[in-house]
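What follows is a single structure, written as C-alpha coordinates, with notes after it.
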2 protein chains.
Amino acid sequence: MPDSRRSNCPVSCTLEIIGDKWTLLVIRDLIMGKKTYSEFEQSPESIPTNILAERLKRLQSHGIVRRNQYQERPPRYAYELTDKGKALKPVLLAMMKWGHENLADTLSLEDIRRMQK
Amino acid sequence: MPDSRRSNCPVSCTLEIIGDKWTLLVIRDLIMGKKTYSEFEQSPESIPTNILAERLKRLQSHGIVRRNQYQERPPRYAYELTDKGKALKPVLLAMMKWGHENLADTLSLEDIRRMQK
DNA sequence: TCCAGTAACTTGTAAAATACAAGTAACGGG
DNA sequence: CCCGTTACTTGTATTTTACAAGTTACTGGA
(Lines give C-alpha, C1' and ligand atoms only; values in the text may rest on other atoms or scores of the structure.)
Protein backbone atom coordinates (compact mmCIF):
# COMPACT_ATOMS: atom_id res chain seq x y z
CA MET A 1 0.00 0.00 0.00
CA PRO A 2 1.99 3.00 -1.17
CA ASP A 3 -1.29 5.01 -0.81
CA SER A 4 -0.19 8.08 -2.83
CA ARG A 5 3.27 9.15 -1.78
CA ARG A 6 4.34 12.76 -1.69
CA SER A 7 7.37 11.92 -3.85
CA ASN A 8 9.72 9.00 -4.46
CA CYS A 9 12.43 10.49 -2.25
CA PRO A 10 13.50 7.78 0.22
CA VAL A 11 13.61 10.29 3.07
CA SER A 12 10.09 11.50 2.36
CA CYS A 13 8.73 7.95 2.03
CA THR A 14 10.45 6.92 5.27
CA LEU A 15 8.95 9.92 7.07
CA GLU A 16 5.47 8.96 5.89
CA ILE A 17 5.91 5.78 7.96
CA ILE A 18 7.99 6.85 10.96
CA GLY A 19 7.68 10.64 10.85
CA ASP A 20 6.05 11.47 14.18
CA LYS A 21 6.91 11.83 17.84
CA TRP A 22 6.07 8.27 18.96
CA THR A 23 6.80 5.61 16.34
CA LEU A 24 10.58 5.62 16.73
CA LEU A 25 10.21 5.44 20.50
CA VAL A 26 8.34 2.15 20.13
CA ILE A 27 11.09 0.91 17.81
CA ARG A 28 13.68 2.09 20.33
CA ASP A 29 11.93 0.03 23.02
CA LEU A 30 11.85 -3.03 20.76
CA ILE A 31 15.56 -2.66 20.04
CA MET A 32 16.20 -2.39 23.78
CA GLY A 33 14.44 -5.73 24.25
CA LYS A 34 10.96 -4.70 25.35
CA LYS A 35 8.27 -6.96 23.95
CA THR A 36 4.83 -6.46 25.46
CA TYR A 37 2.17 -3.76 25.20
CA SER A 38 2.43 -2.95 28.88
CA GLU A 39 6.22 -2.65 28.73
CA PHE A 40 5.85 0.00 26.01
CA GLU A 41 3.22 1.80 28.09
CA GLN A 42 5.59 1.88 31.05
CA SER A 43 8.36 3.74 29.21
CA PRO A 44 9.14 7.13 30.79
CA GLU A 45 7.56 9.14 27.95
CA SER A 46 4.07 7.76 28.78
CA ILE A 47 2.69 7.16 25.32
CA PRO A 48 -1.13 7.45 25.20
CA THR A 49 -2.56 3.95 24.96
CA ASN A 50 -4.67 4.53 21.84
CA ILE A 51 -1.63 5.96 20.05
CA LEU A 52 0.44 2.94 21.04
CA ALA A 53 -2.20 0.53 19.72
CA GLU A 54 -2.49 2.45 16.46
CA ARG A 55 1.28 2.63 15.95
CA LEU A 56 1.76 -1.08 16.58
CA LYS A 57 -0.87 -1.85 13.93
CA ARG A 58 0.73 0.53 11.47
CA LEU A 59 4.16 -0.95 12.00
CA GLN A 60 2.75 -4.45 11.48
CA SER A 61 1.00 -3.35 8.29
CA HIS A 62 4.34 -2.04 7.00
CA GLY A 63 6.17 -5.26 7.88
CA ILE A 64 8.37 -3.58 10.47
CA VAL A 65 6.92 -5.33 13.52
CA ARG A 66 5.46 -8.80 14.08
CA ARG A 67 3.01 -9.83 16.84
CA ASN A 68 3.28 -13.31 18.33
CA GLN A 69 0.82 -14.86 20.74
CA TYR A 70 3.11 -16.67 23.15
CA GLN A 71 0.41 -17.94 25.49
CA GLU A 72 -3.18 -19.16 25.02
CA ARG A 73 -4.93 -18.60 28.31
CA PRO A 74 -4.91 -15.88 29.17
CA PRO A 75 -3.92 -14.55 25.72
CA ARG A 76 -0.56 -12.80 25.81
CA TYR A 77 1.36 -11.21 22.96
CA ALA A 78 5.02 -10.45 22.27
CA TYR A 79 5.97 -7.85 19.66
CA GLU A 80 9.26 -8.06 17.80
CA LEU A 81 11.07 -6.35 14.95
CA THR A 82 11.26 -7.98 11.55
CA ASP A 83 14.50 -7.73 9.54
CA LYS A 84 13.05 -4.60 7.93
CA GLY A 85 12.46 -3.20 11.41
CA LYS A 86 15.91 -4.13 12.67
CA ALA A 87 17.33 -2.28 9.66
CA LEU A 88 16.10 0.95 11.27
CA LYS A 89 18.71 0.62 14.01
CA PRO A 90 21.24 2.91 12.25
CA VAL A 91 18.57 5.65 12.13
CA LEU A 92 18.00 5.28 15.88
CA LEU A 93 21.72 5.26 16.63
CA ALA A 94 22.32 8.38 14.53
CA MET A 95 19.52 10.19 16.39
CA MET A 96 20.83 9.01 19.73
CA LYS A 97 24.30 10.29 18.90
CA TRP A 98 22.99 13.63 17.67
CA GLY A 99 20.79 14.09 20.70
CA HIS A 100 23.52 13.24 23.15
CA GLU A 101 26.05 15.52 21.45
CA ASN A 102 23.75 18.45 20.70
CA LEU A 103 21.04 18.59 23.36
CA ALA A 104 21.80 19.36 26.99
CA ASP A 105 21.27 16.71 29.65
CA THR A 106 20.59 13.75 27.41
CA LEU A 107 22.03 10.33 28.05
CA SER A 108 24.65 8.47 25.99
CA LEU A 109 24.28 4.92 24.70
CA GLU A 110 26.56 3.82 27.54
CA ASP A 111 24.37 5.57 30.15
CA ILE A 112 21.35 3.77 28.71
CA ARG A 113 23.05 0.37 28.62
CA ARG A 114 24.12 0.85 32.23
CA MET A 115 20.52 1.57 33.26
CA GLN A 116 19.34 -1.63 31.59
CA LYS A 117 21.25 -3.81 34.07
CA MET B 1 14.17 26.16 26.22
CA PRO B 2 13.86 22.51 27.17
CA ASP B 3 10.15 23.30 27.90
CA SER B 4 9.38 20.11 29.82
CA ARG B 5 10.79 17.11 28.05
CA ARG B 6 9.11 13.74 28.07
CA SER B 7 12.34 12.13 29.30
CA ASN B 8 16.09 12.63 29.00
CA CYS B 9 16.43 9.95 26.35
CA PRO B 10 18.38 11.45 23.43
CA VAL B 11 16.06 9.81 20.92
CA SER B 12 12.97 11.21 22.59
CA CYS B 13 14.48 14.71 22.90
CA THR B 14 15.55 14.63 19.25
CA LEU B 15 12.06 13.60 18.18
CA GLU B 16 10.56 16.52 20.10
CA ILE B 17 12.47 18.76 17.68
CA ILE B 18 12.47 16.90 14.37
CA GLY B 19 9.74 14.30 14.93
CA ASP B 20 7.20 15.10 12.23
CA LYS B 21 6.64 14.63 8.51
CA TRP B 22 8.15 17.92 7.31
CA THR B 23 11.11 19.12 9.38
CA LEU B 24 13.65 16.64 8.04
CA LEU B 25 12.56 17.39 4.47
CA VAL B 26 13.55 21.01 5.00
CA ILE B 27 16.87 19.86 6.42
CA ARG B 28 17.27 17.51 3.45
CA ASP B 29 16.75 20.46 1.10
CA LEU B 30 19.30 22.55 2.99
CA ILE B 31 21.84 19.71 2.80
CA MET B 32 21.17 19.46 -0.94
CA GLY B 33 22.05 23.14 -1.29
CA LYS B 34 18.66 24.84 -1.38
CA LYS B 35 18.64 28.14 0.44
CA THR B 36 15.51 30.24 -0.09
CA TYR B 37 11.93 30.00 1.09
CA SER B 38 10.64 29.61 -2.45
CA GLU B 39 13.12 26.84 -3.21
CA PHE B 40 11.77 24.86 -0.26
CA GLU B 41 8.21 25.50 -1.41
CA GLN B 42 9.06 24.14 -4.85
CA SER B 43 10.22 20.74 -3.58
CA PRO B 44 8.09 17.88 -4.96
CA GLU B 45 6.36 17.19 -1.63
CA SER B 46 4.64 20.63 -1.70
CA ILE B 47 4.96 21.64 1.91
CA PRO B 48 2.12 23.97 3.02
CA THR B 49 3.53 27.48 3.26
CA ASN B 50 2.44 28.15 6.83
CA ILE B 51 4.06 24.88 7.96
CA LEU B 52 7.28 25.83 6.18
CA ALA B 53 7.37 29.23 7.89
CA GLU B 54 6.70 27.69 11.29
CA ARG B 55 9.35 24.97 10.85
CA LEU B 56 12.01 27.44 9.75
CA LYS B 57 11.35 29.51 12.88
CA ARG B 58 11.48 26.43 15.09
CA LEU B 59 14.75 25.30 13.57
CA GLN B 60 16.22 28.76 14.08
CA SER B 61 15.07 28.81 17.70
CA HIS B 62 16.85 25.48 18.23
CA GLY B 63 20.05 26.72 16.60
CA ILE B 64 19.82 24.27 13.73
CA VAL B 65 19.22 26.83 10.97
CA ARG B 66 20.38 30.42 10.46
CA ARG B 67 18.66 33.09 8.34
CA ASN B 68 20.78 35.63 6.49
CA GLN B 69 19.49 38.65 4.65
CA TYR B 70 21.70 38.69 1.56
CA GLN B 71 20.07 41.66 -0.13
CA GLU B 72 18.48 44.90 1.10
CA ARG B 73 16.04 46.00 -1.59
CA PRO B 74 14.01 44.03 -2.10
CA PRO B 75 14.70 42.06 1.09
CA ARG B 76 15.86 38.53 0.31
CA TYR B 77 16.89 35.79 2.72
CA ALA B 78 19.11 32.72 2.54
CA TYR B 79 18.71 29.93 5.06
CA GLU B 80 21.61 27.70 6.02
CA LEU B 81 22.44 24.94 8.45
CA THR B 82 24.53 25.69 11.52
CA ASP B 83 27.11 23.13 12.67
CA LYS B 84 24.41 21.64 14.89
CA GLY B 85 22.19 21.34 11.83
CA LYS B 86 24.93 19.85 9.66
CA ALA B 87 25.43 17.22 12.37
CA LEU B 88 21.99 15.82 11.46
CA LYS B 89 23.36 14.60 8.14
CA PRO B 90 24.02 11.05 9.41
CA VAL B 91 20.37 10.80 10.46
CA LEU B 92 19.26 11.82 6.97
CA LEU B 93 21.70 9.43 5.32
CA ALA B 94 20.54 6.53 7.49
CA MET B 95 16.91 7.25 6.58
CA MET B 96 17.78 7.58 2.92
CA LYS B 97 19.56 4.23 2.97
CA TRP B 98 16.72 2.50 4.83
CA GLY B 99 14.11 3.96 2.51
CA HIS B 100 15.96 2.99 -0.64
CA GLU B 101 16.64 -0.55 0.60
CA ASN B 102 13.26 -1.25 2.18
CA LEU B 103 10.60 0.74 0.31
CA ALA B 104 9.72 0.03 -3.31
CA ASP B 105 10.45 2.60 -6.00
CA THR B 106 12.52 4.99 -3.95
CA LEU B 107 15.65 6.64 -5.25
CA SER B 108 19.24 6.02 -4.14
CA LEU B 109 21.69 8.75 -3.16
CA GLU B 110 23.31 8.33 -6.58
CA ASP B 111 19.95 8.78 -8.37
CA ILE B 112 19.39 11.97 -6.40
CA ARG B 113 22.87 13.32 -7.06
CA ARG B 114 22.38 12.61 -10.77
CA MET B 115 19.14 14.60 -10.78
CA GLN B 116 20.88 17.58 -9.20
CA LYS B 117 23.04 18.10 -12.32
C1' DT C 1 3.19 55.81 -14.38
C1' DC C 2 0.56 51.89 -13.97
C1' DC C 3 0.34 47.03 -13.93
C1' DA C 4 1.87 42.18 -13.82
C1' DG C 5 5.07 39.28 -11.48
C1' DT C 6 8.03 37.38 -7.75
C1' DA C 7 9.78 36.47 -2.91
C1' DA C 8 8.61 35.78 1.58
C1' DC C 9 5.55 35.40 4.37
C1' DT C 10 0.67 35.86 7.48
C1' DT C 11 -4.15 34.90 8.43
C1' DG C 12 -8.48 32.22 8.61
C1' DT C 13 -10.77 28.01 8.81
C1' DA C 14 -11.89 23.10 7.93
C1' DA C 15 -10.13 18.57 8.56
C1' DA C 16 -7.22 15.33 10.77
C1' DA C 17 -4.28 13.79 14.47
C1' DT C 18 -3.28 13.63 19.28
C1' DA C 19 -4.12 13.54 24.32
C1' DC C 20 -6.72 12.23 28.12
C1' DA C 21 -10.11 9.69 30.59
C1' DA C 22 -12.90 5.93 30.96
C1' DG C 23 -14.46 1.45 29.75
C1' DT C 24 -14.12 -3.62 28.12
C1' DA C 25 -12.71 -8.69 27.73
C1' DA C 26 -10.31 -12.49 29.33
C1' DC C 27 -8.38 -14.51 32.41
C1' DG C 28 -5.76 -16.18 37.45
C1' DG C 29 -5.25 -16.11 42.32
C1' DG C 30 -6.87 -15.66 47.00
C1' DC D 1 -16.76 -14.02 43.90
C1' DC D 2 -13.93 -10.11 43.96
C1' DC D 3 -9.43 -7.81 42.91
C1' DG D 4 -5.61 -7.28 39.87
C1' DT D 5 -3.31 -7.57 35.35
C1' DT D 6 -2.76 -7.56 30.24
C1' DA D 7 -4.18 -5.79 26.13
C1' DC D 8 -6.66 -3.20 24.23
C1' DT D 9 -11.22 0.06 22.47
C1' DT D 10 -14.20 4.11 22.63
C1' DG D 11 -15.50 8.94 23.25
C1' DT D 12 -14.37 13.59 23.29
C1' DA D 13 -11.66 17.90 23.94
C1' DT D 14 -7.50 19.99 22.35
C1' DT D 15 -3.87 20.68 19.18
C1' DT D 16 -1.83 20.29 14.63
C1' DT D 17 -2.09 20.22 9.87
C1' DA D 18 -3.82 21.37 5.29
C1' DC D 19 -5.67 24.39 2.06
C1' DA D 20 -6.94 28.81 0.30
C1' DA D 21 -6.52 33.51 0.23
C1' DG D 22 -4.36 37.75 1.36
C1' DT D 23 -0.23 41.01 2.46
C1' DT D 24 4.20 43.59 1.95
C1' DA D 25 7.93 45.00 -0.59
C1' DC D 26 9.73 45.49 -4.20
C1' DT D 27 11.40 45.03 -9.98
C1' DG D 28 10.85 45.30 -14.78
C1' DG D 29 8.14 46.27 -18.80
C1' DA D 30 4.31 48.62 -21.70
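Naming: A, B, ... by sequence-line order, numbering from 1 per chain.
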Distance in angstrom units between [X] [atom1] and [N] [atom2], rounded:
X     : N      : atom1 : atom2 : answer
B:Q71 : C:dT6  : CD    : C1'   : 12 Å
A:R76 : D:dT5  : CZ    : C1'   : 7 Å
B:N50 : C:dA16 : CG    : P     : 16 Å
B:D20 : C:dT18 : CG    : C1'   : 14 Å
B:L56 : C:dT10 : CG    : P     : 10 Å
B:R55 : C:dC9  : CZ    : C1'   : 16 Å
B:Q60 : C:dC9  : CD    : C1'   : 13 Å

Query - B:S43 versus B:K34, side-chain donor and acceptor atoms under 3.5 Å - result: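 Note: B:K34 and B:S43 side chains meet the donor-acceptor criterion.
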Query raised in the report: Which residues satisfy the side-chain hydrogen bond (donor to acceptor under 3.5 Å, both in side chains) test with B:T106, sequence neighbours excluded?
Result: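 Partners of B:T106 by the side-chain hydrogen bond (donor to acceptor under 3.5 Å, both in side chains) criterion come out as none, since no residue qualifies.
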Requested in this report: For A:R66, check side-chain hydrogen bond (donor to acceptor under 3.5 Å, both in side chains) against everything at least two apart and list the hits.
Outcome: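 A:E80.
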Does [N] have its OP1 or OP2 closer than 4.0 Å to a side-chain nitrogen or oxygen of [X]?
X     : N      : result
B:Y79 : C:dC9  : yes
B:Y70 : C:dA7  : no
B:R73 : D:dC26 : yes
A:K21 : D:dT15 : no
B:W22 : D:dA18 : yes

Requested in this report: May I ask you to check if A:R76 and A:Y70 form a cation-pi contact, with NZ or CZ under 6.0 angstrom from the six-membered ring centre and within 45° of the axis?
Outcome: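 Ring-cation test returns no.
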**Report entry** Strand-adjacent residues in residues 30-49 of chain A, judged by heavy atoms under 4.0 Å from DNA chain D
**Finding:**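 Hits under 4.0 Å, by residue number: A:T36, A:Y37, A:S38, A:T49.
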Report task. Taking only Lys NZ, Arg NE, NH1 and NH2, and the carboxylate oxygens of Asp or Glu, determine whether B:E16 and B:R5 approach each other closer than 4.0 Å. Result ->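 No, this pair does not count.
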Query raised in the report: Do B:E101 and B:K97 meet the salt-bridge criterion of a basic N to acidic O distance under 4.0 Å?
Result: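 Salt bridge: yes.
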